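Here the structure is laid out as structure tokens; the discussion comes afterwards.
Each ligand, and each atom within it, is numbered from 1 in the order the structure gives. Bear in mind that the values here come from a model prediction, so they are computed numbers and not experimental data.
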Amino acid sequence: MEAKLKKELGTSILKPTGHSGGGCISEGRSYDTDTGRVFVKINHKSEAKLMFDGEMASLEAIMKTETVKVPKPVKVIKLDTGGCVFVMEHLDMKGLSRHSTKLGEQLADLHLHNKRVLEKLNKEQQTVGKGAGQSGVAAVEKFGFDVTTCCGYLPQENEWQSDWVAFYSQQKLQHQLNMVEKSHGDREARELWAKLQLKIPQFFTDVEIVPALLHGDLWGGNVAECADGPVIFDPASFYGHSEFELGIASIFGGFNSSFYSAYHEKIPKAPGFAKRNQLYQLFHYLNHWNHFGGGYRGSSVRIMKDLLK
Ligand SMILES: Nc1ncnc2c1ncn2[C@@H]1O[C@H](COP(=O)(O)OP(=O)(O)OP(=O)(O)O)[C@@H](O)[C@H]1O
């Protein structure tokens, strides 16, 4: 692997730094190269290229907004032995604490970025669509993403769709429930979902939803801080409802009240937020059920029952 890395990066030095950082999905280590320190994620699964291409596109999209720091992506490299590596800028990170407020502000700015580009285009009376914004970031009017992104290692259905409720019901929830059905054939989940899907539009009465670029998997394990401010990494981006982003954080925690205050100062909670938060948690419970098995069945079923009350 290291010979291939050296060749692909065009570096004469490739010295392991001893820093390693494996998550649940991939193995990670850092190297010093001619042009600086890089962090390399290694995954030997056949789906690794799809997963890393999605992560690279997500990091590029977030980086272009200039709102919140992410590691600068460098390259996805296919290994001759199968699998893939993803090279990105190495960042010296530690747990989020001092910069929580800043992360709240910057995450809200990320979510508001597309709205601001659209407003600017509207103001200038240009054709609104996928025209170029000032910073070269496209203004987006639909929900989805240009490439497949993986939340964990499971690919998400990111085909563009103009209606958020349809996008979330079909491409996020139905997609997960199809996987549950295939692996577990769970009758109770199937029956609850048959009722719940009819009720979903009610959770969105009078809510205006402008497509927002999302990190897509923002749990406490995917945020940190560097000396100069917060950083988010390991994204599974798509354009969606900003409230979706807070779903997984409210399951696993890791964000303090100053983060939430700063965020909601810029994006106040809309009426019905709490119920939709549960609806957005449901995606993650199902996604965890599909990744890690029956341990997450109980939470998935419980939340569907709650939503049907
Ligand atoms: N750019 C980076 N520079 C330095 N260390 C990093 C960098 N990116 C990630 N790490 C370290 O590696 C760990 C795992 O990274 P990451 O979450 O991207 O991996 P993963 O296998 O996709 O994990 P999971 O899906 O379980 O969250 C991080 O918690 C962090 O400690």
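Closest protein heavy atom to atom 30 (C) of ligand 1: M93 CE, 3.8 Å. Ranking protein heavy atoms by distance to atom 26 (O) of ligand 1, first place goes to C24 N, 2.7 Å. Among all protein heavy atoms, the one lying closest to atom 7 (C) of ligand 1 is F39 CD2, 3.3 Å. Of the protein's non-hydrogen atoms, the one nearest atom 13 (C) of ligand 1 is G21 O, 3.1 Å. Of the protein's non-hydrogen atoms, L91 N, 2.9 Å is the one closest to atom 3 (N) of ligand 1. At the top of the distance list for atom 23 (O) of ligand 1, counting protein heavy atoms only, stands G23 CA, 3.3 Å. Ranking the protein heavy atoms by distance from atom 21 (O) of ligand 1 puts S26 N, 2.8 Å first. Closest protein heavy atom to atom 27 (O) of ligand 1: D234 OD2, 3.0 Å.
Per-atom contact check: atom 1 (N) of ligand 1 touches the protein, criterion being a heavy-atom distance below 4.0 Å.
Remark: ligand 1 and P71 share no N or O pair separated by less than 3.5 Å (distance only, no angle test). Of the polar atoms of F233, none of the N or O atoms is found under 3.5 Å from an N or O of ligand 1, judged by distance alone. Any N or O atom pair closer than 3.5 Å counts here, and H19 shares at least one such pair with ligand 1.
For the 3.5 Å distance criterion, the side chains of Y31 and E2 qualify, holding a donor opposite an acceptor. A donor-acceptor pair shorter than 3.5 Å cannot be found between the side chains of N290 and S183. Under 3.5 Å, the side chains of S250 and Q281 contain a donor-acceptor pair of N or O atoms.
Remark: ligand 1 atoms within the under-4.0 Å shell around heavy atoms of N222 are 17 (O), 27 (O). If you number the atoms of ligand 1 from 1 as listed, the ones under 4.0 Å from a heavy atom of H90 come out as 3 (N), 4 (C). Under a 4.0 Å criterion applied to the non-hydrogen atoms of M88, ligand 1 contributes the atoms 1 (N).
With respect to D92 and R37, no salt bridge is recorded, no charged nitrogen being found less than 4.0 Å from a carboxylate O. A salt bridge links K120 and E124; the closest N-O separation between the charged side-chain nitrogens and carboxylate oxygens is under 4.0 Å. E181 and R190 are joined by a salt bridge, as a carboxylate oxygen and a charged side-chain nitrogen come within less than 4.0 angstrom of each other. A salt bridge links E191 to R187: at least one charged side-chain nitrogen sits closer than 4.0 Å to a carboxylate oxygen.
Of the listed residues (E89, K94, K41), the one carrying the non-hydrogen atom nearest atom 22 (O) of ligand 1 is K41.
In D92, neither the side chain nor the backbone holds a heavy atom less than 4.0 Å from any atom of ligand 1.
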ask   = K142 and D163: salt bridge (charged side-chain N to carboxylate O under 4.0 Å, His left out), yes or no, with the steps?
value = CA-CA 7 Å; K142 291 188 175 181; D163 182 64; over 6 Å; no
Stepwise ring pair (Phe, Tyr, Trp, His ring centres under 6.0 Å) check, H291 with Y153 = CA-CA 8 Å; H291 274 86; Y153 58 77; 4.4 Å; yes
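Judged as a side-chain hydrogen bond (donor to acceptor under 3.5 Å, both in side chains), and not counting sequence neighbours, the contacts of K305 are E188.
For the pair R116/D109, a side-chain contact is recorded, criterion being any heavy-atom separation below 4.5 Å from C-beta on.
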